[in-house]
Participant: 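Quick one: this structure, given as structure tokens, is what I'll be asking you about.
For the numbers below, each heavy atom of this structure counts, side chains included, while hydrogens, waters and symmetry mates do not. Just so it is clear, the model here is predicted, and its values are computed rather than measured.
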Amino acid sequence: MPSSPIVGGRKGENFRFTVLTDGLVRYEWAPDGDFEDRPSAFAANRDHCEIPDYRLVESSSSVEIFTDRFHLTYDKAKFTPEGLFVRVYGHLGTTWRYGQGHETLGGTYRTLDGVNGRVQLEPGVTSRKGFANVDDTTMLFTDDGFIAPRKPGPDRVDSYLFCYGHDYRDAVKALYRVSGPQPLLPRWALGNWWSRYYEYTADSYLELMDTFKEKRIPLSVAVIDMDWHWVKDPRVAEARASGWSGYSWDTNLFPEPRKFVDELHKRDLKATLNEHPADGVAKYEDMYQTMAKALRHDTSHGDPIPFNITDPEFLKAYFGILLKHIDDDGLDFWWTDWQQGTHSSLPGIDPLWVLNHFHFLHNGRLQKSRPKTERSHPMVFSRYAGPGSHRYPVGFSGDTITSWESLDFQPEFTATASNIGYGWWSNDIGGHMWGSRDDELTSRWVQLGVLSPIMRLHSTKNRWVTKEPWKLPTGSGQGPQDVVVKFMRLRHRLLPYLHTMNRRAAEHGEPLIQPVYWEHPERDEAYGVPNQYYFGSQMLVAPITSPQNRGTKTGKVKAWLPPGTWVDFFTGVVYDGNRSMWLSRTLDKMPLLMRQGAIVALDAALEGTNGAANPRGFEIVAVVGADGRFDILEEDESAEGSADKAPWVKTSISFDQRRGILSIGPNRSGALAYSRTWSVRLLGVRNSDGITASIGGVSKADISMKSVENGTVVDLGRIAPGDTAIVYLGPNRQLAVNDPESLIYPILYDAQVGIQLKEKIDAIISPKDVPASIRATQVAALDMDEDLRHILNEFFLADRRS
């Protein structure tokens, strides 16, 4: 292994290469021979990369660098496509040349403000060509912890070439190595957020939160948009202020701010306030005089104190004075809503970078200063500033237009962001503004939100635009209200799984949401389903993002099922993989699939409560047919010290297919050492005959089992700390064979189609001894709506055993 990763950069040389990993090289050109060694906002962790193995061949006129992944060739002259090129190893055999544009699989985008549908995404670090380039123009960090601009000059080059072929996960992990990992989110950030741009009062907001609780719809974060501060007060107009920036509570709306925040905390909710900082500090702000004194600002004319986040004195006063008096009211984190462009008083420095970086550090200090029971991992809520922004979660994607076009783009937008390591997007679920009321659209958007990184309902200030679930129509369990409530409860049931994935993202560089092509890079079909994604390690999501067919009362999505056997989480329907097919669902369901051997841990509470406490009981969802394992990871939040020092407790769940044994535990220590209830939901298993269980080595005779829509539930009761529970399913237990008639009949009954057509279809589906291929042929001969034909073929052909 070489003693240094650096090639070049010696006296009289204008080039420098730094081999950061076996697939990542930094290349620089400095006309003055003065190279940049300070960390940047993008490459904040550059100096902590381990030196990889590489071989250097250098002469007076050339440089060659060899690693296991690439071969770089350079002619020691000013960079040109002919003089600097890199061959990427592997089956691709592709070559990158300096200065030539190359397509990647996309990254993400700064903001979706006012966007209706698609935007052209910025580049990521993954590419089907096998290489991707990142030009680093981000701000620099100085030794004293502040920031600095880059040296000017159009000929100066500072770039990073990722040479990972189709190893997309490794490419993103290399990004984390050079830039720093995704921080661990507080567990409560993974629950439901309520947000609305609206002029609430303390009483009306608390009343709203109480209504959510009464209706047993769990929340974990309460967002108060900009109307928490003075907006319409006469002093705002007198000061010629816009009203968007504000740092003082509007005491007409919130007469006792600290009491208001305390009341939110009593309801197990975390609180955040929106800030638009660009307009500076107006003379009517509570902290105006104190800030003016600290910054030596002349107040004789009542001029506002300019916002200048790149001034060290202003930065200190901004956090130590201006925000502190709000922080002292118990605020948990800030929503920084910067929309004023990329320019600051320091050339080339984007104020958003500065806000994100120092807000995150500030929140970390704030959390450490709080009582032990109130501490959490640091978090900010802000906009994306460019590659490297993943260190400052959570991201706010902006004010989208309420439309099916916007919904249809959002799954791809969120999944593709993982190509630049940005794993924690928060979208305006349901759409922010304009559009028209569409309860079906709202329902489908909430379904997507529940299976997104952050689930935050949001809408603009308009009396006709609301997202309160109880304001939607209900209907026999399948109406929009029923759907939204059901899925919001599911979000909190998913917290054990989500927090485990949160830890996986922070420690192992695996974003929660990953494009399908990460797992199947050599399959063209994987690139043809940009809206489909893996949701953690155990689930595959194919959201429905288009209006339903009014005749069949179903929505549909064209999905690609990867190789293997899959089971639908909601229905228990079994699907053979390795093919593309249309999946159709009524409004109360969406395609959420688990492969054989998959295991997911849910909170056992069906309705949930506010906050995000560790569960008092678990439901384990498992799919038989292959060996599987899943480790539930929980933080012992009662432990001494800061949140980042809290110990983690692991409970292992494993399944042995050959022996038919599912094992739970042993588990827990410390404050988590208490008895909890456990049940096992066997997806796609319709027969409970022969299933037995033991706990702590003692046979349990009183287990209860029941058949449910998607399989069989085995209730194990309470398991004491340290005990292991074993469920015996019988050797080589198999998934049940689908019954096409029972799947088709409810949809066909409700379908708004001709009665004679229903009779013809019934004649096809009723016989039990007709092969599925024959039935599909018979269906093809009938004149019918194509969506109805998709439904029939889906259930005839889902499982080859049918």
Participant: Checking the side chain of T400 only, and the main-chain atoms of V115 only, is there a donor and an acceptor separated by less than 3.5 Å?
Facilitator: no
Participant: Considering residues at least two apart in sequence or located in another chain, which fulfil the salt bridge (Lys or Arg N to Asp or Glu O under 4.0 Å) criterion with D408?
Facilitator: none
Participant: Rounded to the nearest 0.5 Å, what separates atom NE2 in H166 from atom OG in S127?
Facilitator: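 Atom-to-atom, H166:NE2 and S127:OG are 7.0 Å apart.
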Participant: Name all residues meeting the salt bridge (Lys or Arg N to Asp or Glu O under 4.0 Å) criterion together with D167; count only those two or more places apart in sequence or in a different chain, and write none if there are none.
Facilitator: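 Result, salt bridge (Lys or Arg N to Asp or Glu O under 4.0 Å) vs D167: R69.
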Participant: Are any side-chain N or O atoms of K758 and backbone N or O atoms of Y749, one a donor and one an acceptor, separated by less than 3.5 Å?
Facilitator: yes
Participant: Where the side chain of R187 meets the backbone of H499, is there a donor-acceptor pair that is under 3.5 Å apart?
Facilitator: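 Judged by distance alone, no pair lies under 3.5 Å.
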Participant: I would like to know whether D627 and R629 meet salt bridge (Lys or Arg N to Asp or Glu O under 4.0 Å); could you show each step before the answer?
Facilitator: CA-CA 7 Å; D627 292 348; R629 181 185 177 92; over 6 Å; no
Participant: Using side-chain heavy atoms (C-beta onward) and a distance below 4.5 Å, is I599 in contact with I620?
Facilitator: yes
Participant: Can you run down the salt bridge (charged side-chain N to carboxylate O under 4.0 Å, His left out) pairs that involve residues 111-120, sequence neighbours left out, and say none if there aren't any?
Facilitator: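 Only D113-R383, R118-E412 qualify under salt bridge (charged side-chain N to carboxylate O under 4.0 Å, His left out).
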Participant: Go through I420 and E122 one step at a time and tell me if the side chain to side chain contact (heavy atoms under 4.5 Å, CB included) criterion holds.
Facilitator: CA-CA 9 Å; I420 197 67; E122 298 167 12; over 6 Å; no
Participant: Please list, chain by chain and in numerical order, all residues satisfying side-chain contact (heavy atoms from CB on, under 4.5 Å) with D439, sequence neighbours excluded.
Facilitator: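 By the side-chain contact (heavy atoms from CB on, under 4.5 Å) rule, D439 matches R437, L472, P473, P480.
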Participant: Using a cut-off of 6.0 Å, state whether more than 12 heavy atoms not belonging to R800 lie near its atom CZ.
Facilitator: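 No.
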Participant: Can you establish whether the number of heavy atoms outside K760 located under 6.0 Å from its atom NZ is more than 12?
Facilitator: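 No, the 6.0 Å shell around NZ holds no more than 12 heavy atoms from other groups.
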Participant: What verdict does the side chain to side chain contact (heavy atoms under 4.5 Å, CB included) test give for E741 and S766, after you've listed the backbone C-alpha separation in whole Å, the side-chain angles of each residue and the deciding distance to 0.1 Å?
Facilitator: CA-CA 7 Å; E741 181 178 6; S766 293; 4.0 Å; yes
Participant: With the side chain counted from C-beta on, respond yes when I764 and L782 share a heavy-atom pair under 4.5 Å apart, and no when they do not.
Facilitator: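 Side chain of I764 against side chain of L782, heavy atoms only: contact under 4.5 Å found.
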Participant: To the nearest 0.5 Å, what is the distance between CZ on R456 and OG on S426?
Facilitator: 3.5 Å
Participant: Checking side chain to side chain contact (heavy atoms under 4.5 Å, CB included) for the pair Q734/N687: CA distance, chi angles, key distance, verdict?
Facilitator: CA-CA 10 Å; Q734 297 298 310; N687 186 349; over 6 Å; no
Participant: If you round to the nearest 0.5 Å, how far is CG of L748 from CG of D762?
Facilitator: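 Here the interatomic distance stands at 7.5 Å.
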Participant: Taking E103 first and then K129, would you say they form a salt bridge - that is, a charged N and a carboxylate O separated by under 4.0 Å?
Facilitator: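 K129 and E103: not salt-bridged.
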Participant: Where is the tightest heavy-atom contact between M594 and V621, given as atom of each residue plus distance?
Facilitator: CE-O, 3.8 Å
Participant: Could you give all pairs that pass the ring pair (Phe, Tyr, Trp, His ring centres under 6.0 Å) test and reach residues 103-126, with sequence neighbours left out?
Facilitator: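 The answer is none; no pair qualifies.
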Participant: Pairs in or reaching into residues 479-497: which pass salt bridge (charged side-chain N to carboxylate O under 4.0 Å, His left out), with residues at least two apart or in two chains?
Facilitator: R493-E619
Participant: Any side-chain heavy atom of R169 sitting closer than 4.5 Å to one from E519?
Facilitator: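 When only atoms from C-beta onward are counted, E519 and R169 do touch, with a gap below 4.5 Å.
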Participant: Check whether any side-chain N or O of E525 sits under 3.5 Å from a backbone N or O of S580 as a donor-acceptor pair, and report yes or no.
Facilitator: no
Participant: Check L583 against A559 and note the closest heavy-atom contact, atom names and distance.
Facilitator: CD1-CB, 3.7 Å
Participant: Is the backbone N or O of V573 less than 3.5 Å from a side-chain atom of N738, with the two atoms forming a donor-acceptor pair by type?
Facilitator: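 The answer is no, because no donor-acceptor pair under 3.5 Å joins these two groups.
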Participant: If only atom types and distance count, is the side chain of N502 paired as donor or acceptor with the main-chain N or O of L185 below 3.5 Å?
Facilitator: yes
Participant: Going by atom types alone, do N427 and S452 pair a side-chain donor with an acceptor below 3.5 Å?
Facilitator: no
Participant: Please list, chain by chain and in numerical order, all residues satisfying ring pair (Phe, Tyr, Trp, His ring centres under 6.0 Å) with W404, sequence neighbours excluded.
Facilitator: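 Per chain and number, W404 pairs via ring pair (Phe, Tyr, Trp, His ring centres under 6.0 Å) with no residue.
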Participant: Please report the shortest heavy-atom distance between R686 and G711, naming the atom on each side.
Facilitator: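 That closest heavy-atom pairing would be NH1-N, 3.4 Å.
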Participant: Please tell me if the side chains of I761 and V753 come closer than 4.5 Å, counting only heavy atoms from C-beta onward.
Facilitator: no
Participant: What is the ring orientation for F535 with Y533, classed by angle as parallel under 30°, tilted 30 to 60°, or perpendicular over 60°?
Facilitator: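 The arrangement is perpendicular - the two ring planes meet at more than 60°.
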Participant: Step by step, would you call V574 with R801 a side chain to side chain contact (heavy atoms under 4.5 Å, CB included)?
Facilitator: CA-CA 10 Å; V574 179; R801 301 171 302 165; 4.0 Å; yes
Participant: Taking D399 for the side chain and G114 for the main chain, is one N or O donor matched with an acceptor at less than 3.5 Å?
Facilitator: no
Participant: Side-chain contact test, heavy atoms from C-beta onward, threshold under 4.5 Å: evaluate it for M784 versus L792 and give yes or no.
Facilitator: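 Yes, side chains in contact.
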Participant: Give a yes-or-no answer on whether the side chains of N419 and Y517 include a donor-acceptor pair shorter than 3.5 Å.
Facilitator: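 Y517 and N419 do have a side-chain donor-acceptor pair below 3.5 Å.
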Participant: Strictly distance-based, threshold 3.5 Å: is any side-chain N or O of T466 a donor or acceptor partner for the main-chain N or O of E468?
Facilitator: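 It does not hold such a pair.
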Participant: Rounded at 0.5 Å granularity, tell me how far CG in D799 sits from OG1 in T565.
Facilitator: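 Spacing of CG (D799) from OG1 (T565) equals 7.5 Å.
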Participant: Kindly state each residue pair satisfying salt bridge (charged side-chain N to carboxylate O under 4.0 Å, His left out) with at least one member in residues 537-550, sequence neighbours excluded.
Facilitator: E440-R550
Participant: Hey, could you give me each pair passing ring pair (Phe, Tyr, Trp, His ring centres under 6.0 Å) that has a residue in residues 546-578? Not counting sequence neighbours.
Facilitator: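 Found F487-F570, H520-W560.
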Participant: What do you reckon, is OH of Y527 surrounded by more than 12 foreign heavy atoms closer than 6.0 Å?
Facilitator: yes
Participant: Quick one: ring pair (Phe, Tyr, Trp, His ring centres under 6.0 Å) pairs with a partner in residues 751-783, sequence neighbours left out?
Facilitator: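 As it turns out, there is no ring pair (Phe, Tyr, Trp, His ring centres under 6.0 Å) pair with a partner in residues 751-783 once direct neighbours are skipped.
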Participant: Is any side-chain heavy atom of D787 closer than 4.5 Å to one of W582?
Facilitator: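 A side-chain contact is absent here, since even the closest heavy-atom pair is not under 4.5 Å.
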Participant: Which pairs pass salt bridge (charged side-chain N to carboxylate O under 4.0 Å, His left out) with one or both residues in residues 583-601, sequence neighbours excluded?
Facilitator: D568-R585, R585-E794, K589-E709
Participant: In the structure I gave you, are the side-chain heavy atoms of H102 and P123 within less than 4.5 Å of one another anywhere?
Facilitator: no
Participant: Under the ring pair (Phe, Tyr, Trp, His ring centres under 6.0 Å) definition, can you give me all pairs with a residue in residues 415-435, not counting sequence neighbours?
Facilitator: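 Qualifying pairs, neighbours excluded: Y384-Y422, F413-W425, Y422-W425, H432-H458.
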Participant: Do side-chain atoms of S418 reach the backbone of I513 as a donor and acceptor pair under 3.5 angstrom?
Facilitator: yes
Participant: Does any N or O in the side chain of R775 come within less than 3.5 Å of the main-chain N or O of I765, such that one atom is a donor and the other an acceptor?
Facilitator: yes
Participant: Step by step, work out the ring pair (Phe, Tyr, Trp, His ring centres under 6.0 Å) result for W518 and Y534.
Facilitator: CA-CA 9 Å; W518 277 29; Y534 283 99; over 10 Å; no
Participant: Under 4.5 Å between any side-chain heavy atoms of F618 and I653, yes or no?
Facilitator: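 Sidechains of I653 and F618: no contact.
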Participant: Distance from S537 atom OG to Y497 atom OH, nearest 0.5 Å?
Facilitator: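 Result: 4.5 Å between the selected atoms.
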Participant: Could you state the interatomic distance from CD1 (I429) to CG (L448), rounded to the nearest 0.5 Å?
Facilitator: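 The distance works out to 5.5 Å.
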